[in-house]
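The structure appears right after this line, and notes come after that.
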Amino acid sequence: MKLTGGVGAAGLTGLAGCSATNDSGSGDSGSSGPYEIGMVDAVTGSLSAFGQRNQRGKDLALAAVNEVGVSGQDLNIIVEDSGSESSGGVSAAQKLVNQDGVPFMIGTVGSGVSLSIYESVVQGTDVVQLSQNSTGLGLTDFPGLLRMSPTGRTQSTALANIIADDGYDTVALTYVNNNYGSSLADAFVNAWDGDIAYNNPHDQDQSSYSGVISEMNSSEADAWLFITYQAEFATMVNEIFSSGYEPQLYGADSVSGDNVIENTPDGSMEGMKIAVPSAPVEQENYQNFVSTFESEYDESPTVWSAYAYDCVITAALSIQAAEEFSGAALGEVVRDVTRPEGEEVTSYQAAHDILADGGGPSDVDYQGVSGPIDLNENGDPVGFLQIQEVQDHSYEQIGFIES
Amino acid sequence: MVLDLLASGLVYSSIIVLGSIGLSLVYSIANFANFAHGDTMTVGAYAALVTFGAVGGLGGTVLGLPYGFFLALGVGIGMAALVAVVTEKVIYEGMDIGSIGLLITSIGIAFIYRAIIQMGFGADFTRYDIPAMRPIDALVTYGIRVTLQDVAIVASATVLVVGLHLLLQYTDLGRKMRAMADNPDLARVSGIRTDRVKLWTWIIGAGLAGAGGVFLGLFSRLTPRMGFDLLLIIFAAVILGGIGSVYGAMLGGVLIGMTTQLTPVLSELGTVLPLVPDTWGIPIGIEYANAIAFVIMVAVLLVRPSGIAGEAV
């Protein structure tokens, strides 16, 4: 009860902050004062590697937006550091919402931190929260908490489709005995139409997995799916190899890695397929993003920068499309500018032009540099995944899948 | 499937036996439960990794393992023994805090070993650079899927265990060790240099642990946590066999190793046992293998409080 009370109070102050911005916003409408939104980022702390990539993605996006302008004005982003912790994230968000009165907040990296911010600052207010990098499955249960990075669940759905497309109707599944493994395994079981001949967890850090492998073999399924970590998977592959079994292997992205390739015999994983979250590396807008990023920072971007980039573009398009600069108005249009019916556009400039010519939010379907986005009612984007196949004992990209 | 599981149980048991003998030996003579024993195994495994990386295969192979690996095994055994002796001399020997204090100290020592290994090699896993093998064809027809390397692990462990048996039964040192385990004070007054015997006990116990670690790395993988992750199981084996008893530790190691590896059979008992329907079985997943091993340990201890081969209290 106490917690609920606290959230309510935060909500009230949040609303107060919003209306203050509205006033100043309408007062400023004639001038060219910039639109201000907030960003909570893991600039320091354990997730700072993500945070720094996010900052680069954000800076590039902001440059692209301000070259064109938003409703004739500039966009300004106030960045606050979460320190990669829930407490830091919540106070950063409180500062942005209550003092700066931002109606739109990008944030943040860790799923737990994003959720804390949502529950103690954003929930019950009109403020729009769009997480740039959180992939936890639990966020789907909070429709008001939007995110740019797809939920881990999309991998399970993708794997179910890949295995079915390969012509298998029976699968043997083993997953690591923790929240990650069991949630992905549950999602797979829901998405899979065929038989599941074996479905059992295994513990992490065990010295021997010969029991698992032996049971998977006696299930007589030809397709074996692994949702586990690299060390466990490498041990299992060695066990499969030294037992002389030759199943078709499938795996979640957590089983792929150079350390797995180095520590398994040549040919032991031939033909294995893995679904890995990915940017649409073949699309022109992503390639442009990469070349801009490389010329600016002298290194290649990761998909995590691309998510931050798309957060900023989505925010700018929402401001352009909304009737007024308030949380309620932005919340109404933020999903529509990213999803179908509208014209597919791949740059801020093109999307901006449609809106500036009198188009509504549903006339635009922004295709991000991180994927098609298409935010749904739960606030989740469409998952864009790369399918990798092990060929000659290395990972080769063989296609993409949307789920 | 049962034969196959029995075979892999034998390989796994060999490793646990090597670990449990050393733990039991040190307990019987130094009189404390050495929690750094698991990490002593890790020391052996990484010493072998470095040696094998440096010397390479050295030409030929025996039982699927290059000559260089056996040299690395020797270095692993030696390094584990050396580290244990240095620890005993520098830390345990001068410490006058009773067996509980030594036990807590040894947990600290375990963390120190692991931290040093992690600093040198990182937390990621690795394997020896030895080509993996396919199962032996002749045995596959019986449903047994073991490689020559698995045979090498069992054979080497057998050699070491038989060697220890001969040493304990037929050498002067062995007799002194047994005398000291039975009654250290009596051993001292009868003129046995107990300090020297104690040192040899550390060397033998840690050396066997080092060998167990090397084989564990070959059997699954090397990580800085590998030994510590196996330690609880090794303790179960030692306590089941009767703490302080070397032969009990061997028996306990085999029982615990077999139990964990044979867990898949439980859910299909009907197909194995006569007189019961094929579909009959105990529906329990393999993620509970270690728990089952401990249930058996507790059950045995309820009947025989000092373990299978332990002396009545």
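Chain letters run A, B, ... following the sequence lines, proteins first, then strands; residues in each count from 1. Bear in mind that the values here come from a model prediction, so they are computed numbers and not experimental data.
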Quiz item: Which region of B/I286, side chain (C-beta onward) or backbone (N, CA, C, O), has a non-hydrogen atom less than 4.5 Å from a non-hydrogen atom of chain A, or is it both or neither?
Solution: both
Practice problem: Give a yes or no on whether A/D141 atom CG has more than 12 heavy-atom contacts from other residues, nucleotides or ligands under 6.0 Å away. | Solution: yes
Practice problem: Please report the shortest heavy-atom distance between B/A132 and A/F241, naming the atom on each side. | Solution: O-CE2, 3.5 Å
Give every donor-acceptor pair between chain A and chain B closer than 3.5 Å, one pair per line, or write none.
| residue | atom | partner | partner atom | Å |
| --- | --- | --- | --- | --- |
| A/N200 | ND2 | B/E287 | OE1 | 2.8 |
| A/Q206 | O | B/R221 | NH1 | 3.2 |
| A/Q206 | O | B/R221 | NH2 | 3.1 |
| A/Q206 | OE1 | B/N290 | ND2 | 3.3 |
| A/S207 | O | B/S220 | OG | 3.1 |
| A/S208 | OG | B/Q261 | OE1 | 3.3 |
| A/S208 | OG | B/Q261 | NE2 | 3.1 |
| A/S210 | OG | B/Q261 | OE1 | 2.5 |
| A/T235 | OG1 | B/R221 | NH1 | 2.8 |
| A/F241 | O | B/R134 | NH1 | 3.2 |
| A/S243 | O | B/R145 | NH1 | 2.4 |
| A/E246 | OE2 | B/R134 | NH2 | 3.3 |
| A/N259 | ND2 | B/D124 | OD1 | 3.2 |
| A/N259 | ND2 | B/D124 | OD2 | 3.0 |
| A/N263 | OD1 | B/R127 | N | 2.9 |

Quiz item: Top residue by heavy-atom pair count (under 4.5 Å) with chain B, among A/P265, A/G244, A/G211?
Solution: A/G244
Quiz item: Checking B/P131 against chain A: side chain, backbone, both or neither under 4.5 Å from a heavy atom?
Solution: neither
